[in-house]
Amino acid sequence: MKQDTLAQLNAERLARRPVVVITNIATGEQRLVKAADVAKDPLHVELDKHLRMGRSELIQVDGENLFLNIYAPTARLVIIGAVHISQTLAPLAQSLGYDVCVVDPRTAFASPERFPDVRVIADWPETVLPPMNIDRYTAVAAVTHDPKIDDFALLHALERDCFYIGALGSRKTHGRRLDRLKAAGETDNSLSRIRSPIGMDIGAVSPAEIAVAVMAQITAALRLPTSSINTARVSVPA
């Protein structure tokens with residue numbers, strides 16, 4: 001790899017921006033494609049698919065063998081609320097390779113005893129989230145049912161363009177939430193990105209089942225094209 005290509009690669013990885021290095025197997029020629037340039041690249045269909053899957057692979061294009069080396073940031077999940085759902089959701093996300101953090105100012109809930117082997121921060125989202133530099137490879141799930149805790153986290157996730165933003169609550173509860181967030185300056189188009197009621201519709205009832213539904217929806221948001229994502233929800237009483 002040429003020094004200039006390596007320097008660009010390291011810079012993109014440090015900034016948590018996905019990048020692809022394309023190598024022509026026959027000639028050894030390499031080129032680097034940044035995420036921002038994928039849409040205008042001649043191989044944009046293949047690049048988009050492999051970036052979403054996070055999978056390096058050998059492909060054939062016009063009789064040439066090209067190896068796509070995918071460098072994607074580790075996906076992060078920030079769970080707002082150290083509740084029962086979170087106790088299943090956090091380790092489930094970890095098992096799928098996510099970097100997980102649980103945020104809740106209520107120290108009775110946000111304790112290491114309730115979340116062994118999970119990073120737990122017992123503080124307000126207003127204090128915790130800005131220094132975290134959450135980004136396009138971050139999912140945010142707000143599950144406290146408490147506007148004082150959830151609302152800032154949702155607004156911040158929208159501002160930071162997180163790939164998944166979900167919020168627990170019935171449609172009635174979410175309607176009231178939307179009114180509050182509109183009053184805070186958000187548009188209908190922006191608020192449409194919040195998945196609520198949260199999770200795919202798998203008939204989930206228990207907190208653990210809802211956690212599975214949420215993780216399924218997060219996975220779909222990360223891996224599938226937007227047009228094919230199942231946006232069905234789990235109904236949760238207000």
Side-chain angles (χ1 to χ4, degrees), residues 1-78 93-94 96-100 129-130 132-141 154-166 186-195 200 214-232:
M1 185 178 292
K2 293 181 179 179
Q3 187 172 355
D4 178 62
T5 301
L6 180 60
Q8 290 185 66
L9 173 61
N10 288 337
E12 293 303 295
R13 296 185 71 185
L14 185 62
R16 281 182 54 85
R17 291 190 293 262
V19 62
V20 184
V21 175
I22 305 172
T23 304
N24 187 306
I25 299 300
T27 66
E29 181 182 352
Q30 290 185 320
R31 65 185 181 93
L32 180 147
V33 182
K34 299 177 182 179
D37 299 326
V38 166
K40 58 186 179 183
D41 193 272
L43 300 178
H44 65 93
V45 174
E46 288 287 349
L47 297 182
D48 178 68
K49 179 179 73 173
H50 284 81
L51 276 171
R52 281 188 284 102
M53 300 306 294
R55 186 172 62 202
S56 299
E57 196 166 78
L58 182 69
I59 65 171
Q60 280 197 333
V61 178
D62 297 331
E64 293 185 318
N65 291 319
L66 305 177
F67 189 78
L68 307 183
N69 208 327
I70 306 298
Y71 296 89
T74 299
R76 298 189 290 193
L77 171 60
V78 179
Q94 286 181 323
L96 296 174
Y98 285 73
D99 181 3
V100 180
L129 296 185
M132 290 180 81
N133 293 318
I134 63 176
D135 56 22
R136 186 71 180 85
Y137 267 75
T138 304
V140 172
L154 295 171
L155 289 169
H156 190 70
L158 289 168
E159 178 186 346
R160 301 295 297 174
D161 194 30
C162 293
F163 79 87
Y164 175 88
I165 307 169
E186 289 296 331
T187 64
D188 288 332
N189 185 56
S190 175
L191 293 173
S192 68
R193 296 193 55 221
I194 301 175
R195 314 292 185 88
M200 283 190 170
V214 173
M215 201 64 238
Q217 196 173 55
I218 291 172
T219 302
L222 179 66
R223 300 299 187 199
L224 297 180
T226 303
S227 60
S228 65
I229 293 175
N230 177 2
T231 56

Donor-acceptor contact present, side-chain R195 to main-chain I165, <3.5 Å: no
Polar side-chain atom of T219 near backbone of M215 as donor-acceptor pair, under 3.5 Å: yes
Could you tell me which residues satisfy side chain to side chain contact (heavy atoms under 4.5 Å, CB included) with A139, sequence neighbours excluded, listed by chain and number? L77, F163, Y164, I218
Any donor-acceptor pair under 3.5 Å from T23 side chain to I25 backbone: no
Less than 4.5 Å apart, side chain to side chain, heavy atoms only: is that true for Y98 and L222? yes
Side chain proximity check, P225 to R52, heavy atoms < 4.5 angstrom: yes
Calculate, to the nearest 0.5 Å, the distance between atoms CD1 and NE2 belonging to I70 and H50 respectively. 6.5 Å
What residues form a side chain to side chain contact (heavy atoms under 4.5 Å, CB included) with R16, not counting sequence neighbours? P73, R76, D135, Y137, T138
Donor-acceptor contact present, side-chain H44 to main-chain K40, <3.5 Å: no
Who are the side chain to side chain contact (heavy atoms under 4.5 Å, CB included) partners of I22, not counting sequence neighbours? V20, R31, V33, L43, L47, L66, L68
Going by salt bridge (charged side-chain N to carboxylate O under 4.0 Å, His left out), name the pairs with one or both residues in residues 57-68, residues two or more places apart or in two chains. R55-E57
Minimum-distance pair of heavy atoms, taken over all atoms of P18 and L51: CB-CD2, 3.8 Å
Side-chain touch Q30/N24, heavy atoms, less than 4.5 angstrom: no
Mind listing the side-chain donor-acceptor pairs of residues 3-11 below 3.5 Å, one per line with the distance, residues two or more places apart or on another chain?
| residue | atom | partner | partner atom | Å |
| --- | --- | --- | --- | --- |
| D4 | OD2 | Q8 | NE2 | 2.9 |
| N10 | ND2 | L6 | O | 3.4 |

OG on S56 to CG on N69, rounded to 0.5 Å: 4.0 Å
N65: partners by side chain to side chain donor-acceptor pair (under 3.5 Å), with sequence neighbours left out: Q60
Going through the checks in order, is the side-chain contact (heavy atoms from CB on, under 4.5 Å) test met by D41 and V38? CA-CA 5 Å; D41 193 272; V38 166; 5.5 Å; no
Closest non-hydrogen atom pair, S190 against L158: O-CD2, 3.4 Å
Minimum heavy-atom separation for I134 to R160, with atom names? O-NE, 2.7 Å
